[in-house]
Amino acid sequence: MSASLSRPRVGVWLIGARGSVATTVVTGCAAITAGLHPPTGMVTETPAFTGSGLPALSDLVFGGHDTLDCPLPKRAETLTAGGVLPPGVATAVAAELEAADREIRPGGPTSGDTRSETELIAAFADDIRDFVHRHELERAVVANVASTEPASQGPDAPPPASTLYALAALRAGCAYVNFTPSEGIHHPAAAREAERSGLPYAGRDGKTGQTLLRAVLGPMFAQRALRVRAWSGTNLLGGGDGAALADPAAAAAKNAGKERVLADTLGTVPEGEVHIDDVPALGDWKTAWDHIAFDGFLGTRMILQTIWQGCDSALAAPLVLDLARLTARAHEAGLSGPLDALGFYFKDPVGDGPSGLAEQYEELVRFGRSLGRADEESHGVGPVEHRDDVGEAL
């Protein structure tokens with residue numbers, strides 16, 4: 001994407017860069033910048049964030065890692081055929097898609113990869129550094145939008161790929177966003193390095209559909225003193241995430257965040273489970289159904305049912321753009337550690353912020369205002385600072 005040479009540019013390095021979410025992020029950013037579509041779904045484009053000093057969409061430069069080799073323009077064609085992207089948009093921004101695709105580097109570990117964990121971290125970090133250097137970027141944000149990994153096998157288990165990428169981000173001096181339920185920076189080895197790094201980070205697991213509703217409805221029941229007896233749900237989805245979540249261990253990682261929202265907003269975990277079914281024919285579309293049994297006055301038993309039908313990629317993409325801009329600005333302002341105020345975007349947010357969506361939004365707006373007041377000259381950390389010791393203990 002073109003940008004004025006007088007303005008600093010910011011990199012967005014996507015883990016899972018050829019997936020549906022990443023493709024929609026790049027396509028959407030280009031389409032909005034070109035004036036082809038309004039920034040629907042982007043909270044950072046609302047008046048509340050006008051003075052927050054966020055990087056302009058036109059100043060974002062995309063790259064990333066992926067183990068897939070399908071070029072972004074081809075991936076965008078597939079998403080258009082599936083109704084995820086509007087007709088003609090992928091063609092209109094083909095140059096931007098091709099430019100981003102040229103910045104995608106092979107991920108890993110892949111089958112037959114003999115590199116050690118330390119070697120993989122070093123290679124990933126070198127890719128990010130090279131990206132920042134060649135484009136003369138002021139800073140970069142690494143965002144994990146890859147498919148969900150199986151749940152952690154415990155603190156002594158080898159770090160998963162998501163954690164290797166997170167350690168590479170820290171080594172390259174980049175802020176980090178985990179939009180997935182995968183362990184990423186939450187692995188003990190990465191958590192220690194994140195604390196040492198002085199870099200900001202946010203996560204985890206983007207709140208796009210069913211859990212977004214739970215974050216609204218949970219406080220409603222609590223505030224109206226209505227006792228929830230049971231809360232069950234079902235998700236039907238296809239695409240890469242559907243295939244990944246067919247693994248019970250991956251589904252368990254996903255459901256942990258959904259349960260946390262209910263526990264935090266209701267004060268207890270009601271009976272019931274969330275089931276996730278892979279339906280390949282649905283592609284990137286998802287149907288989420290919730291069945292809520294609750295008691296009213298004098299024990300009158302009642303039921304609330306909700307049905308959410310949406311496209312995960314189109315729901316996630318504006319949030320990823322929001323998070324990249326907010327996290328980059330936080331880095332510029334000299335903030336470090338977990339960004340609690342970004343809990344608005346996540347099922348399982350870091351820190352001790354509120355769980356109800358209304359309270360999370362208020363905290364996010366306050367955060368945006370504080371970024372606007374930040375003294376960039378005295379608190380900015382300047383260009384990316386590289387760390388060569390991150391991940392050496394692995």
Side-chain angles (χ1 to χ4, degrees), residues 8-17 22 25 29 44 49 52-57 59-65 121 124-125 127-133 135 137-146 162-180 182-187 190-206 319-346 349-351 364 367-368 370-371 374 376 379-387 390-391:
R9 297 194 297 168
V10 172
V12 180
W13 189 263
L14 300 166
I15 308 303
V25 166
C29 186
T44 55
F49 295 86
S52 298
L54 306 180
L57 292 173
D59 292 332
L60 301 182
V61 183
F62 294 96
H65 283 115
I121 294 168
F124 297 156
D127 289 337
I128 300 169
R129 289 172 176 149
D130 178 65
F131 171 70
V132 170
H133 175 74
H135 290 281
L137 304 176
E138 182 182 50
R139 66 192 74 254
V141 175
V142 174
N144 182 12
V145 294
S162 63
T163 295
L164 303 184
Y165 288 122
L167 286 165
L170 298 175
R171 178 177 288 196
C174 297
Y176 174 82
V177 173
N178 187 5
F179 201 74
T180 80
S182 301
E183 199 161 17
I185 210 166
H186 300 278
H187 188 281
R192 290 191 297 269
E193 297 296 349
E195 186 175 353
R196 292 175 51 203
S197 72
L199 294 163
Y201 59 91
R204 64 182 165 175
D205 198 4
L319 308 188
V320 174
L321 288 169
D322 277 352
L323 286 162
R325 301 172 81 196
L326 288 162
T327 309
R329 176 68 179 119
H331 190 189
E332 180 184 23
L335 302 183
S336 63
L339 300 177
D340 299 7
L342 301 187
F344 175 77
Y345 292 100
F346 298 105
V350 295
L364 178 66
F367 179 66
S370 71
L371 291 177
E376 298 175 32
H379 296 294
V381 296
V384 168
E385 298 176 0
H386 298 149
R387 291 279 307 280
V390 173

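Just so you know, these numbers come straight off a predicted model, no measurement behind them.
- Every residue was checked against the salt bridge (charged side-chain N to carboxylate O under 4.0 Å, His left out) condition with Asp340, not counting sequence neighbours, and none meets it.
- In terms of the ring pair (Phe, Tyr, Trp, His ring centres under 6.0 Å) criterion, Tyr176 has no residue partners (sequence neighbours excluded).
- Among all heavy-atom pairs drawn from Gly184 and Thr163, the shortest one is O-OG1, 2.7 Å.
- Listed by chain and residue number, Leu170, Ile185, Tyr201 satisfy the side chain to side chain contact (heavy atoms under 4.5 Å, CB included) test with Ala194 (two or more places apart in sequence, or in another chain).
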Under the side chain to side chain contact (heavy atoms under 4.5 Å, CB included) rule, what do Arg171 and Ile128 come out as? Steps first, then yes or no, please. CA-CA 10 Å; Arg171 178 177 288 196; Ile128 300 169; over 6 Å; no

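- The CZ atom of Arg196 lies 14.0 Å from the OG atom of Ser336; values are rounded to the nearest 0.5 Å.
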Start with the C-alpha distance between Tyr165 and Asn144, add both sets of side-chain angles, then the distance that settles side-chain hydrogen bond (donor to acceptor under 3.5 Å, both in side chains), and finish with yes or no. CA-CA 8 Å; Tyr165 288 122; Asn144 182 12; over 6 Å; no

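- Classification of the Trp13-His65 ring pair by plane angle, with boundaries at 30° and 60°, yields perpendicular.
- Here the shortest heavy-atom pairing between Arg329 and Ser52 reads NE-O, 3.0 Å.
- In this structure, Ala168 and Ile121 approach most closely via the heavy-atom pair CB-O, 3.7 Å.
- Under the 4.5 Å side-chain criterion, counting only non-hydrogen atoms from C-beta, Glu193 is in contact with Leu167.
- In this structure, the side chains of Arg325 and Leu57 come closer than 4.5 Å at one or more pairs of heavy atoms.
- In this structure, the side chains of Leu323 and Phe346 come closer than 4.5 Å at one or more pairs of heavy atoms.
- Within the 4.5 Å cutoff, the side chain of Leu321 has no heavy atoms near those of the Thr44 side chain.
- Atom NE2 of His135 sits about 8.5 Å away from atom CG of Asp130, to the nearest 0.5 Å.
- Side-chain contact between Thr180 and Ser162: absent, with no pair of heavy atoms (C-beta onward) separated by less than 4.5 Å.
- Counting only heavy atoms from C-beta outward, the side chains of Leu342 and Val177 never approach each other to under 4.5 Å.
- Closest approach of Val10 to Ala328, counting heavy atoms only: CG1-CB, 3.8 Å.
- Listed here is the closest heavy atom pair of Ala22 and Gly16: CB-O, 3.3 Å.
- Once rounded to the nearest 0.5 Å, the distance linking CZ of Phe179 with CD1 of Ile15 reads 15.0 Å.
- Under a 4.0 Å N-O distance rule, the pair Arg192/Glu195 does not qualify as a salt bridge.
- In this structure, the separation between OH on Tyr345 and OG1 on Thr327 is 9.5 Å, given to the nearest 0.5 Å.
- Residues Ala17 and Gly63 come closest through the heavy atom pair CB-O, 4.4 Å.
- Residue Leu339 holds its CG atom at 11.0 Å from NE2 of His331, rounded to the nearest 0.5 Å.
- Looking at Leu371 and Phe49, their side chains never come closer than 4.5 Å, going by heavy atoms from C-beta outward.
- Side-chain contact between Leu54 and Leu326: present, with at least one pair of heavy atoms (C-beta onward) separated by less than 4.5 Å.
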I would like to know whether Phe124 and Val142 meet side chain to side chain contact (heavy atoms under 4.5 Å, CB included); could you show each step before the answer? CA-CA 11 Å; Phe124 297 156; Val142 174; over 6 Å; no

